[in-house]
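So you know, we letter chains A, B, ... as the sequences are listed, proteins then strands, and number each from 1. Remember, predicted model here, so these are calculated numbers, not experimental data.
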Number of protein chains: 2
Amino acid sequence: MSKQELEVIGQDAACCPGLSAAPLDEVQAADLAKVFKALGDPVRLRLMSMIASRGEAGEVCVCELTPAFDLSQPTISHHLKLLRQAGLIDCERRGTWVYYWVLPGVLERLAAFLTTPHPARASA
Amino acid sequence: MSKQELEVIGQDAACCPGLSAAPLDEVQAADLAKVFKALGDPVRLRLMSMIASRGEAGEVCVCELTPAFDLSQPTISHHLKLLRQAGLIDCERRGTWVYYWVLPGVLERLAAFLTTPHPARASA
DNA sequence: GGCTTGTATTGACGTTCGTTGATGCAACCT
DNA sequence: AGGTTGCATCAACGAACGTCAATACAAGCC
């Protein structure tokens with residue numbers, strides 16, 4: 001039920017130069033785009049928000065997520081899968097229920113990627 | 001050649017509670033999702049990166065962007081339009097050429113949205 | 001065992017997206 | 001004026017996406 005995510009937002013190192021640091025090469029862009037694409041849907045953004053608002057080490061049961069939407073249960077399950085494949089969340093089954101949480105540090109690394117300034121070239 | 005963008009990432013106020021602050025409502029999620037969706041394509045991410053790496057108040061001529069890709073000129077033009085409609089960049093025509101730049105503060109606000117912590121409820 | 005509940009997967013459908021060639025428009029240059 | 005260059009728009013196509021009903025799987029309970 002784990003290990004299927006991307007390793008894009010680096011976990012260890014600073015994933016990549018930063019958006020403004022230098023032009024991204026095709027590989028970096030393709031990997032990062034998957035993460036942003038995962039966030040680029042209203043349902044998935046709300047799911048992320050509902051999970052993330054539980055705070056550090058917080059969890060949410062799927063049974064709390066599904067009824068918050070006007071969508072079928074398979075659809076919610078599908079969106080959760082995409083968020084997981086993007087490396088944003090993970091889940092664990094406990095008894096009958098499945099709990100989701102935000103992978104620690106992912107949001108911080110994404111934010112850092114967006115704001116890392118370019119290396120204000122000394123020559124200019 | 002301007003005024004067609006979203007006003008999602010707030011310009012003035014802090015746009016919205018923050019992803020982890022509280023569950024997003026449908027309207028906030030729909031608006032924010034458009035921004036992330038705009039970044040959710042490898043070509044657009046590279047375009048953003050190429051423009052952003054010019055730094056504050058930096059500009060890039062389209063004539064520099066197009067040849068960096070293995071895509072037709074209309075395709076690049078289309079992606080630039082989407083980034084502009086998402087409120088991430090703007091452009092101006094000067095003579096024969098068109099120059100693009102990143103709207104100031106947008107990336108910072110997006111990053112803040114991702115990392116704003118939830119209001120560590122005092123009761124817990 | 002069989003029944004029930006919670007979640008994931010499958011297969012299909014309509015819609016949106018990324019791409020292109022053709023065309024249009026704006027500005028420069030003789 | 002006519003020709004050329006840079007960029008945007010249009011119309012069309014295939015691919016990817018979001019959604020659902022049906023089904024399968026997992027775990028608890030009788």
Side-chain angles (χ1 to χ4, degrees), chain A residues 1-6 26 29-48 50-51 59-86 88-101, chain B residues 1-5 26 29-30 32-48 50-51 59-86 88-101:
Chain A
M1 182 139 279
S2 196
K3 286 303 108 187
Q4 174 168 198
E5 318 96 18
L6 283 177
E26 297 187 42
D31 288 345
L32 255 324
K34 290 176 189 163
V35 180
F36 285 115
K37 186 186 302 191
L39 295 174
D41 177 272
V43 175
R44 290 195 292 270
L45 245 195
R46 286 183 64 201
L47 286 170
M48 271 300 287
M50 294 176 72
I51 302 173
E59 303 174 325
V60 187
C61 175
V62 174
C63 61
E64 293 185 67
L65 297 172
T66 305
F69 296 86
D70 228 18
L71 294 170
S72 70
Q73 174 267 321
T75 299
I76 300 299
S77 188
H78 173 238
H79 284 304
L80 288 170
K81 182 180 186 178
L82 291 187
L83 287 172
R84 197 155 54 82
Q85 290 178 333
L88 291 168
I89 62 179
D90 201 0
C91 64
E92 183 187 17
R93 172 163 223 131
R94 280 205 288 282
T96 311
W97 296 277
V98 177
Y99 295 86
Y100 280 82
W101 62 87
Chain B
M1 182 138 281
S2 197
K3 287 303 106 186
Q4 174 169 197
E5 319 96 18
E26 297 188 41
L32 254 325
K34 289 175 189 163
V35 181
F36 286 115
K37 187 186 301 192
L39 295 174
D41 177 272
V43 174
R44 290 194 291 270
L45 246 195
R46 287 183 64 200
L47 285 170
M48 272 299 287
M50 294 176 72
I51 301 173
E59 304 175 324
V60 186
C61 176
V62 175
C63 62
E64 293 184 67
L65 297 172
T66 305
F69 296 85
D70 228 19
L71 295 169
S72 70
Q73 174 267 320
T75 299
I76 301 300
S77 189
H78 173 237
H79 285 304
L80 288 170
K81 183 180 187 177
L82 292 187
L83 287 172
R84 198 155 53 82
Q85 290 178 332
L88 290 168
I89 61 178
D90 200 2
C91 64
E92 184 187 18
R93 171 164 221 128
R94 279 206 290 283
T96 311
W97 296 278
V98 177
Y99 295 86
Y100 280 82
W101 61 88

N/O donor-acceptor pair under 3.5 Å between R93(B) side chain and G95(B) backbone = yes
Could you check how far CG of L65(A) sits from C1' of dG6(C), rounded to whole Å?
-> 13 Å
Find the distance between CH2 (W101(B)) and CD (E59(B)) and round it off to the nearest 0.5 Å.
-> 6.0 Å
Tell me, please, which residues at least two apart from C63(A) pass side chain to side chain contact (heavy atoms under 4.5 Å, CB included).
-> C61(A), W97(A)
Pairs flagged by side chain to side chain donor-acceptor pair (under 3.5 Å) wherever residues 38-48 of chain B is involved - sequence neighbours left out | R44(B)-H79(B)
Among the nucleotides dC7(D), dT7(C), dT9(C), whichever has the atom closest to the side chain of K81(A) is dT9(C)
Who are the salt bridge (Lys or Arg N to Asp or Glu O under 4.0 Å) partners of E26(A), not counting sequence neighbours?
-> none
Considering all heavy atoms of both residues, which atom of A33(A) and which atom of P42(B) are nearest to each other, and what is their separation?
-> CB-N, 3.5 Å
With the sugar-phosphate defined as primed atoms, P, OP1 and OP2, and the base as all remaining atoms, what B/S/- string results for nucleotides 25-30 of chain C, 5' to 3', for protein heavy atoms under 4.0 Å?
-> --SS--
Summarise protein proximity over nucleotides 11-22 of chain D in one line of letters, 5' to 3': B for base, S for sugar-phosphate only, - for none, counting protein heavy atoms closer than 4.0 Å.
-> ------SSBBBB
Check the distance between dT7(C)'s C1' and E59(A)'s CD and give it to me in whole angstrom.
-> 16 Å
Mind jotting down which residue pairs meet the salt bridge (Lys or Arg N to Asp or Glu O under 4.0 Å) criterion with at least one end in residues 62-73 of chain A? Sequence neighbours excluded, please.
-> R54(A)-E64(A)
Pairing residues for T96(B) by the side chain to side chain contact (heavy atoms under 4.5 Å, CB included) criterion, not counting sequence neighbours = none
Residues passing the side chain to side chain contact (heavy atoms under 4.5 Å, CB included) test with S77(A), sequence neighbours excluded, are Q73(A)
Could you state the CG-P distance from L45(B) to dG18(C), rounded to the nearest angstrom?
-> 12 Å
Base, sugar-phosphate, or nothing: which does Y100(A) touch, judged by heavy atoms less than 4.0 Å apart?
-> sugar-phosphate
Spacing of I76(A) atom CD1 relative to dG6(C) atom P, expressed in whole Å = 16 Å
How close or far is atom P of dT4(D) from atom CH2 of W97(B), stated in whole angstroms?
-> 17 Å
Starting at atom CG of L80(B), determine the distance to atom C1' of dT19(C), rounded to an integer number of angstrom.
-> 15 Å
